[in-house]
Number of protein chains: 2
Amino acid sequence: MPSLRDVAEQAGVSVSTASIALRHDTRVKESTRRRVLSVAEEIGYRPNGAARDLKSRRTGMIAILLHDLGGPFYSELLRGVSTRAQANGLTALVCTSALDRGGELTRLLREKRVDGAIILDSSISEDDILEVASPSLPLILLDRQIQHPNLYSVLCDHRSGAYMATLHLIDAGYRDIGIILGPSDSHHSHLREEGALQACRLRQCVPRPDHIWHGAFTESSGYQLVDSVLASDDVPRAIFVANDEMAVGLMRGLLERGVRIPDDVALAGFDDIRITQYVSPPLTTVRQPMYELGILAADTLMRALRGDEDITPIVLQTELVVRGSS
Amino acid sequence: MPSLRDVAEQAGVSVSTASIALRHDTRVKESTRRRVLSVAEEIGYRPNGAARDLKSRRTGMIAILLHDLGGPFYSELLRGVSTRAQANGLTALVCTSALDRGGELTRLLREKRVDGAIILDSSISEDDILEVASPSLPLILLDRQIQHPNLYSVLCDHRSGAYMATLHLIDAGYRDIGIILGPSDSHHSHLREEGALQACRLRQCVPRPDHIWHGAFTESSGYQLVDSVLASDDVPRAIFVANDEMAVGLMRGLLERGVRIPDDVALAGFDDIRITQYVSPPLTTVRQPMYELGILAADTLMRALRGDEDITPIVLQTELVVRGSS
DNA sequence: TTGAAAGCGCTAACAC
DNA sequence: GTGTTAGCGCTTTCAA
C-alpha cells in the first residue's frame, strides 16, 4: 500500500509538499499539484486514516450507540443524525451494544476512534458513560440525564405522551382504566406510568391496583397478559399499554378471545411502530419525533464539538395518534 | 489526555515496559506490572486507538454497509454478523450510504479505518467497490458478485424463492398469473422475475405481457398499481409481487376496492417483512435467512482476514411462507 | 526483566 | 513555493 512518501518520491517533491498538494492547498504551484495528483492516482495512493487521526487528533466520525437495531424508528433517528453529520463533513456510524457488551465502548469511545457519540441505550451503565466522557469526547444522551460537563441530553417527554393517551381514553368515555407497564426497572416504563396515573388522578378515576400489570415490552409478553386481564372480575374498559409491541400482542390475544376492540375494550399504545397502522383495528398510540430527535441530537453534538458552552437539555414533545382502537 | 509515556514516567519505567505491562505480557515482573496498572488507572490512561492502529496495521473493526436501516430484517443480519465478530474479538459497525454518498466509503474503506467490510447495498457502484478492495481490505458482497481476488460473495437464491412462490400460486389453482416487479434496473427485481417466469413456463401459463407491472418497491407504489391491475379487462386471479412492501400496498388498495383476498385475487410477496404477519389476510411470502446470511458473511470475512485461500461463493436458500393471502 | 531507539504515515511550524 | 524537521502515541526489535 503506497504511502504519501512514495507519492512524494515519485513526484520529485517533499512529503510535506505532497501533503498540502493533495489537500488542494493554494500554496503549491498548479503544475506541482497536478504532478502530485497524477502520481497519487497512478500508484493508487490512499491516505491512511489512522495516521491522519493520530496527527490531527480527530477522526471525522461520530457514533450512534443503540441497544439493537430492531427498535422503533431507529432508521428515522439515524436519518436525522446522518443528515446533520454529513452537512458537517462527518460520518455517522451505528453500533449496537446488545451483543457486543463493552466492545464498542472500548474500541470506539475509550480508544477515541470517534470524535463524539449519541447514546440511546439504557443498558449502558451510568458508570461506563461517565468513564468515557471527556472534553475531547462529548456525548449526547437520548432520554437520559447525567450531570457532567461533557454530557448533554436530548429528551422526549414520555410522561406527557402517556398523559395525553390516557386522558384521551378517559375522555372518550372509558372511566375504567387499566395500565400495562414494562419491566419495573425500565426508566421509560416508569415515566409512562407517571403520565398515565397523572391523567387518571386528574379525572379522578385512578385504576385499581390489580388493574396495573407488567410486561416485558415484547409482543409475546403482551399476548400472555391476556389471561390476567380477562381474569379480572371487572375487566377494564380501556387499557393504556406502555408500548406498542405489548399492545399489539395484547390485541391479538383479546381478538382471539372474541373481545371486540374498541367496543369491549379500548386500547392505546406508545411508540407508533409501523405495524400499529396495519393491525385491525389500527392502534391509537403516541408518536415520538425520532427524525427531529436525530437532528437535534446531531446538532447538539456539533455544538459540543465546536466547544460551545452552555448547551441546555432539550425536551421534545410527543404526539397523540388516534386510530381505531380507541 | 494522558499517554502511555505519562504512565511510564509516573511508574518509573520505560514506555516499552509500560506497553507490554498493560497488555498483561508475562515478560514483566508482577510487581512492575501492578505498579504500571495502578498508575494507568489512577491518571485515567486510555490507549489511543489511532496510534495503535497505525502501528499494528489493523483496527479490530469491521463495517457493514447498508443502503438504509429501514430494510427488511437488517437487524437480523446485523445480529448474525455481530455474533461472529464478537467471537473473533472484532467490533462491527453499521454505516448507511443512502444519505452519506461516498463519505463512508472514503472514511471507513478508502482510509482503512476498518479491517474489512460486508456490503449489502446495490447503490454502491462496482467501480467504487473495485477501487477500495485490496489484500488488506477484503470485502464480502451480499447478493452480488464481482470477480476480484479480494471480493467474496454470499448470495441468497432469489430466483428459486420467486419460483417457489409463483409455483405455489399456480398449483393452488390460479392459472391466471400477474407479476408485479420492482424498478427495471434492480438486480433483485430481475432475479425474482426470472424465477417467477420460470415457474409459469413450467406450468405453461406464462402471463400476458400486460399482466406484468413495475413498481418502485415501496408500499405506496404498490397501492398506486391497483388501478392498473383492476383496469385490465381480465384481472389476474393471482399476483406474485416482487417485494412485500408493494404487496402490502397493493393489498390495501384491493381491499379498499372491495376485492376479496384470496377469493378474488390471491397474493404472494417476497421478503417476509414483519407487517406481512399483521395485515389481513396475512401475506404469503418468501423468507430470506438474514441471520444465517449475517453469520456466513462474517465467517467468510474472518477467513479472508486470516488470509484463507479459495473461498468459494456461498448460496443460501430461501423459504416459502404460506399464509392466508393465497 | 527492562530500556533505548526506530518508525508506522501523516501534518504543520518554520525555514529557505 | 517548497523543503526540513519534529513529533502525534504506540509497538516492537534488539541490547543490556
Side-chain angles (χ1 to χ4, degrees), chain A residues 1-37 39-40 43-61 106-107 109-115 134 136-137, chain B residues 1-37 39-40 43-61 106-107 109-115 134 136-137:
Chain A
M1 189 101 293
S3 73
L4 187 56
R5 189 178 158 170
D6 300 316
V7 177
E9 277 174 5
Q10 290 209 33
V13 296
S14 75
V15 181
S16 53
T17 303
S19 172
I20 51 180
L22 284 172
R23 272 173 293 132
H24 300 267
D25 196 303
T26 49
R27 287 176 299 175
V28 295
K29 209 169 22 178
E30 178 60 22
S31 62
T32 316
R33 200 178 67 91
R34 269 213 298 275
R35 190 150 36 90
V36 171
L37 252 44
V39 169
I43 66 175
Y45 166 72
R46 302 266 166 266
N48 179 304
R52 179 173 286 178
D53 296 349
L54 176 57
K55 183 68 196 179
S56 60
R57 299 164 159 297
R58 55 189 304 284
T59 66
M61 308 198 297
T106 296
R107 283 244 164 62
L109 306 189
R110 251 187 274 278
E111 302 189 350
K112 275 204 55 58
R113 256 173 279 246
V114 293
D115 296 336
S134 82
S136 61
L137 190 71
Chain B
M1 188 104 291
S3 74
L4 186 56
R5 189 180 156 170
D6 300 317
V7 177
E9 277 174 6
Q10 291 209 32
V13 295
S14 73
V15 179
S16 51
T17 302
S19 172
I20 52 179
L22 285 173
R23 272 172 294 132
H24 300 268
D25 197 304
T26 49
R27 287 176 300 176
V28 295
K29 205 164 33 172
E30 179 58 22
S31 63
T32 317
R33 198 178 68 90
R34 268 212 299 276
R35 190 150 35 90
V36 171
L37 254 42
V39 169
I43 67 175
Y45 166 72
R46 303 267 165 265
N48 178 305
R52 179 173 285 176
D53 296 348
L54 176 58
K55 186 69 195 176
S56 59
R57 298 165 159 297
R58 54 188 305 284
T59 66
M61 309 199 295
T106 297
R107 283 244 165 63
L109 306 188
R110 251 187 275 277
E111 302 189 350
K112 273 202 58 54
R113 258 174 275 248
V114 294
D115 295 336
S134 82
S136 61
L137 190 71

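A note on names: the letters A, B, ... follow the listed sequences, proteins ahead of strands, and every chain is numbered from 1.
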**OP:** Encode nucleotides 5-16 of chain C as B, S and - characters from 5' to 3', where the letter depends on protein heavy atoms closer than 4.0 Å: B to the base, S only to sugar-phosphate, - to neither.
**Re:** --BBBBBB----
Original post:
End-to-end bend of the helix from C:dT1-D:dA16 to C:dC16-D:dG1 (five-pair axes, 10° rounding)?
Top reply: 40°
Original post:
Considering all heavy atoms of both residues, which atom of B:Arg52 and which atom of B:Pro47 are nearest to each other, and what is their separation?
Top reply: NH2-CB, 3.4 Å
Original post:
Quick one: side-chain hydrogen bond (donor to acceptor under 3.5 Å, both in side chains) partners of A:Arg27, sequence neighbours excluded?
Top reply: A:Asp25
**OP:** Taking the side chain as every heavy atom from C-beta outward, state whether B:Leu37 and B:Leu22 have any atom pair closer than 4.5 Å.
**Re:** yes
Original post:
Listed by chain and number, what are the side-chain hydrogen bond (donor to acceptor under 3.5 Å, both in side chains) partners of B:Arg57, not counting sequence neighbours?
Top reply: none
Original post:
Between B:Ser19 and B:Arg23, what is the shortest heavy-atom contact and its length?
Top reply: OG-NH2, 2.8 Å
**OP:** Determine whether A:Arg46 and B:Lys112 make a side-chain contact, defined as any pair of heavy atoms from C-beta on separated by less than 4.5 Å.
**Re:** no
Subject >> With A:Asn48 via side-chain hydrogen bond (donor to acceptor under 3.5 Å, both in side chains) - residues at least two apart >> reply: none
Original post:
Is there a side-chain contact between A:Asp6 and A:Val39, using heavy atoms and a 4.5 Å cut-off?
Top reply: no
Original post:
Less than 4.5 Å apart, any side-chain heavy atom of B:Val7 and any of B:Val15?
Top reply: no
Original post:
Just wondering, do A:Val13 and A:Val28 contact through their side chains at under 4.5 Å, heavy atoms?
Top reply: no
Subject >> 5' to 3' contact window, DNA chain D with chain B (heavy-atom distance under 4.0 Å) >> reply: D:dG9 to D:dT12
